[in-house]
Structure formats: C-alpha cells, structure tokens
Amino acid sequence: MRFRFLRRRGPGTLSLLYNEARLAPHVRKGLNCMMAANICGAMCGIICAGGTAAMVGLAGTLGATDIEFGLLVSIPQIAACLQLPFSLLVNRTHKRKIWLLTFGLVSRMLWLLFGFMPLMMRSPSDRMPLYLLIALLSVSSCLGAAINVCWFPWFSDLAPIRIRGRWLGVRDKLVAIASFLFGLLVAYMLDVLPENSKYLVAFLVGGTLGSADMICFAFAKEEFAAPPQKMHLGKIFGDMLRNKPYLRLLLMWTVWCFTSNMSGSYITPYAMNTMGLNFMQMMLFGTMAASLATIIAVPRWGRALDQCGARNVMLLSCFGAALTQAFYLFSTPGSIWPTLLHNVIGALFWSGSNLAANGMQLSTSPDDNRPTYIAIFSAVTCILGTALGTMTGGTLLEVFHTSGLFTGFFDRYKALILLGVVLRFTTGMLLVRSMERDSETTVHDVVRIMVPRRKRVVRG
C-alpha cells in the first residue's frame, strides 16, 4: 500500500530523514502507514473528542449540565487506567497489530452510533439518550485504551531516536494541514445541515475516519526492540521510582494537564453558549487558526527538540502556553478576537510542549518496559490530570452559578479562566525549571531556532 500524498518529487523531508537514518524499505513503509493513521485519527478527533464543537453541540442538544459535560470530557481520561493491563498484555504477547485491529477498531466504530442519540429523544426533558451516550462513550473509551500502548511503543521501535523529533514535527505539520481543510468542511456541515440530521452525518464521518486510522496499521510491519517477556510489576514500579527524570516528567505533566483542563475544557462551551459564536466561527478562528499556527511552528519545534533537548523546548513552550487563555478575560458577547488569539498564539506554544512531552516519554522510558511506562504515564496524567481537572472545573462552575459569586462582565467562566492561568504559570515556574537538563544548550538556542535572524547581505 502506497501513500502517495506523503511523497513529493525529489527528496522530500521524510525521504531525507529516512536516508539519514538509513532505514530499510519496510521500516519506511511502516512509518508512512503510521503517518497516514495519525492524519486520519486527527480528522476523526475534530468531531469525535470531548471538547469539540460537535460534541459541545450534541451535549447541549441532549441537555447536558456543566457537570455532565465535564463527565463526557473526563470518561476517556478515566478509562486510561486500563492502559496498564493492556500494556502487560502487549509486552507479553507482542501482538500490537492484533490488538489495534480488534479493540481499537471496535472502539472507533462505536462513534458511528453517537449521531443517532438526538433522534431518540421523545421530549426535551428525556434524559435517556444522554445516559446512553455516556454508556457508549464509556465502552468506546475502555476499548480505546489499548491504542496508545500499542502504537507509541511500535513507533519508538521503528524510528531511531535521532530523527523522532523531526518525524513528529512533520507528522504534526501534515496533521495541521489536514485538520485545517477538514475542519472547514465539518463547520459548514454543522451550520447548514438540518438540526435533526447534522450530528448523524457528522459522527458517521468521524467514526469512519477513526476506523480508517486503525486500518492503516494493518499495512505496517511490527518491529521489536526487546523480545516478549512476562512483566513483573513489582520490579517495574521499583525501577520506575528510581527513575528520577521519568518521575519529574510525570509530576510536571500531571499538574500541567490538571491546570490546563480545569478551565480549558470549558472554553468551547463558553465561546458558543455565552459569547454566541457559531460552528463556522469556532472552526475558522479556533481549529483552523490553531492548525495554521501549528503548521508554521511545529517543524521548528522538531528541529529544536533534536538539537537543543526536550527540557529547553518544554520550558519555553510552557511559559508561552500558560498565558494564552487570558485573552478570554476581555471577551464580550459576539467578540471573535479572544478565540482567534488564544488559538493562534496558543498553538504556537502548546505544539512545542506536546512535542517535548512525547519526546521525553520515549527518552525516559527503557526499551524493554516502554509500553508499561507509557501506560502508567498516560493513566496518571489522564486521571489525576485531565479528568480530575475537568471535573474540578465543572464543579467550580456549578458552585459559582449556585452561589451567584460572579455575574456581569467578570462571570463564572472568567473566574475559572483566571485561576487556570495563574496555576499554569506557577507550574511552569516551579516544575518545568526543576526538570533535569538533557542538553548543554539553553533556551536562547531554542529561541534562535524558532525565530531565525535574517542574514545581512554585505555589498562592496
């Protein structure tokens, strides 16, 4: 199977990377398959994720409260605890392809049913479709827990460490381009289709793309850096507790996910329900703007990751990303600029922090136990970080609403956003700076890569 859209005339970026690493043809094919899978998965995520405009609209149609919306966002994160037993299964059997094409495929296919929920409502007060949606999402998320512990170690076994940062940078750039183009289609579809059919069509498309994500792995050959082995959790946890770089990353990223999602999970509902933005505006000034910024920034972040180390990239990107939600503190009904600035400037920085986190996961986890390390990392950060942060934010919003503490211009959402900004900045100051240096370079070297100076032409 050939993915022609990943190939250009002449030596393209991927070809240069593959040639530099002297990769065998089957390894190149496997990495290209993963690239195609990630692109399909990203387009699926524009529709089929907790905080997307489609999910916000669907949850609103089904009458979800702030707490119930927070639960919808949190369920996939809570299900991440199942990554640990899946990682033990993967490490022992070395059958990552089989698990992806069973658990992962069924998980994505369940999204095909989500759009039928509004058609089942007998009255505006009928709660059964919402409860069924929560149940389907729970099953899908539990099965989907196998995906991350299969594909990420598989990728690390295929891609040599010296090109991983740049490969991930190219991947993120192509994902951003696909997200930009597909996002326009999704926004137009959600705005123009009839109310009783738009979610049906949207989630049928999203579920199909998610299934295609899994199918792409059928054409990649598995590579293993270590032989199959029976895992001894006691020994693994003991080694993990002695792995200080891994523990520092785990603590930092858990707190970062908590502070980010405490307010970040509710920005889309705030922009749509309070500020009054429609689907097209959210897609253009949200997803599309972020995609364009990512296209510009992520190749340079990839070079910086390979040349300057992940700690320097994480430090610079976290400081910038910590402040971007503050634009919403000045928002008014109908204003578009807070959403635009948050997504453009935010994507310039959070694309770097995500890239650095991926690189640090791979570098701080040993080859033989990498699936288990990644599973534990995902479980802790998803449950104590993303899920707990989202539910905390939803609870605070309900408390603010009931008590009437924040009304008028400085409403309950702005109070939550301000708290999130302060906590994120504090996380960067205290936890990122304390992480172990992995390069002799400095943050200034990262800045020089991200903002290269123009060479002056001296004329005689």
- [ ] Report yes or no: does Asp411 contribute a side-chain atom to a donor-acceptor pair with the main-chain N or O of Lys414 at less than 3.5 Å?
- [x] yes

- [ ] Say whether Ser317 and Trp350, considering side chains only, have a donor N or O and an acceptor N or O under 3.5 Å apart.
- [x] no

Open item on the list: Angle between ring planes, Phe203 versus Phe114, binned at 30° and 60°: parallel, tilted or perpendicular?
Closed with: tilted

Open item on the list: Measuring only between side-chain heavy atoms, which start at C-beta, is Gln77 closer than 4.5 Å to Ile383?
Closed with: no

Open item on the list: side-chain hydrogen bond (donor to acceptor under 3.5 Å, both in side chains), that's the test. Do Thr254 and Thr381 meet it? Break it down for me.
Closed with: CA-CA 4 Å; Thr254 300; Thr381 56; 5.4 Å; no

Open item on the list: Assess the residue pair Leu251 and Leu431 against the criterion (side chain to side chain contact (heavy atoms under 4.5 Å, CB included)); give the C-alpha distance rounded to whole Å, side-chain angles, the decisive distance to 0.1 Å, and a yes or no.
Closed with: CA-CA 8 Å; Leu251 174 63; Leu431 297 183; 4.2 Å; yes

Task: Verdict with supporting geometry, Met109 and Ser140, side chain to side chain contact (heavy atoms under 4.5 Å, CB included) - done: CA-CA 8 Å; Met109 291 180 68; Ser140 174; over 6 Å; no

Task: Working for side chain to side chain contact (heavy atoms under 4.5 Å, CB included), residues Thr294 and Lys173 - done: CA-CA 6 Å; Thr294 302; Lys173 181 177 180 179; over 6 Å; no

Open item on the list: Taking the six-membered ring for Trp, are Phe86 and Phe103 closer than 6.0 Å centroid to centroid?
Closed with: yes

Open item on the list: Taking the side chain as everything from C-beta on, heavy atoms only, tell me whether Trp154 gets closer than 4.5 Å to Leu100.
Closed with: yes

Open item on the list: Using side-chain heavy atoms (C-beta onward) and a distance below 4.5 Å, is Phe152 in contact with Met34?
Closed with: no

TODO: Give, for atom CG of Leu193 and atom CZ of Phe279, the distance between the pair rounded to the nearest 0.5 Å.
DONE: 10.5 Å

- [ ] Answer yes or no: is there an ion pair linking Glu398 with Arg412, defined by an N-O contact shorter than 4.0 Å?
- [x] no

- [ ] Output, in order, the C-alpha distance, side-chain angles, deciding distance and verdict of side-chain hydrogen bond (donor to acceptor under 3.5 Å, both in side chains) for Tyr328 and Thr339.
- [x] CA-CA 7 Å; Tyr328 281 97; Thr339 299; 3.0 Å; yes

Task: Phe217 six-ring face occupied by Lys97 cation (under 6.0 Å, within 45°) - done: no

Open item on the list: Using side-chain heavy atoms (C-beta onward) and a distance below 4.5 Å, is Ser331 in contact with Tyr270?
Closed with: yes

Open item on the list: Are Tyr246 and Tyr373 an aromatic pair, judged by ring center distance below 6.0 Å?
Closed with: yes

- [ ] For side chain to side chain contact (heavy atoms under 4.5 Å, CB included), just list the numbers for Thr386 and Trp256, CA-CA rounded to whole Å, side-chain angles, deciding distance to a tenth of an Å, and then say yes or no.
- [x] CA-CA 9 Å; Thr386 304; Trp256 180 260; over 6 Å; no

Open item on the list: Applying the side-chain contact (heavy atoms from CB on, under 4.5 Å) criterion to Leu137, which one of Cys142, Pro76, Cys48 satisfies it?
Closed with: Pro76

- [ ] Report yes or no: do Asn243 and Thr364 form a side-chain donor-acceptor pair below 3.5 Å?
- [x] no

TODO: Would you check if Met35 and Leu14 make a side-chain contact, meaning some heavy-atom pair closer than 4.5 Å?
DONE: yes

Open item on the list: Is it the case that the side chain of Arg424 and the backbone of Cys318 share a donor-acceptor pair, with hydrogens and angles ignored and the cut-off at 3.5 Å?
Closed with: no

Task: Residue Met121 excluded, over 12 heavy atoms near CE under 6.0 Å - done: yes

Task: CA sep, side-chain torsions, deciding dist, call: Ser351, Asp172, side-chain hydrogen bond (donor to acceptor under 3.5 Å, both in side chains) - done: CA-CA 8 Å; Ser351 59; Asp172 287 353; over 6 Å; no

Open item on the list: Ignoring hydrogens and geometry beyond distance, is a side-chain donor-acceptor pair present between Arg164 and Ser156 at under 3.5 Å?
Closed with: no

TODO: Could you verify whether a donor N or O on one side chain and an acceptor N or O on the other, from Ser179 and Ser291, lie under 3.5 Å apart?
DONE: no

TODO: Report the relative orientation of the aromatic rings in Trp151 and Phe155; use parallel for angles under 30°, tilted for 30 to 60°, perpendicular for over 60°.
DONE: tilted

Open item on the list: If you take the centroid of each ring, where Trp contributes its six-membered ring, are Phe285 and Trp337 closer together than 6.0 Å?
Closed with: no

Open item on the list: Just so I know, are the side chains of Leu181 and Met43 near enough to count as touching, which here means a heavy-atom distance under 4.5 Å?
Closed with: no

TODO: Check whether any side-chain heavy atom of Pro118 sits under 4.5 Å from a side-chain heavy atom of Leu58, and report yes or no.
DONE: yes

- [ ] Would you indicate whether Phe330, at its atom CZ, is surrounded by more than 12 heavy atoms from other residues, nucleotides or ligands within a distance under 6.0 Å?
- [x] no

TODO: Report yes if the side chains of Met189 and Lys198 come closer than 4.5 Å at any heavy-atom pair, otherwise no.
DONE: no

Task: Separation of Trp253 CH2 from Leu384 CG (nearest 0.5 Å) - done: 15.5 Å

- [ ] Answer with yes or no after comparing the ring centroid distance for Phe410 and Phe406 against a 6.0 Å cut-off, counting only values under it.
- [x] yes

Open item on the list: Run the side-chain hydrogen bond (donor to acceptor under 3.5 Å, both in side chains) test on Ser263 and Gln325 for me, step by step, so that the C-alpha distance in whole Å, both residues' side-chain angles and the decisive distance to 0.1 Å come before the verdict.
Closed with: CA-CA 9 Å; Ser263 55; Gln325 291 182 15; 2.5 Å; yes

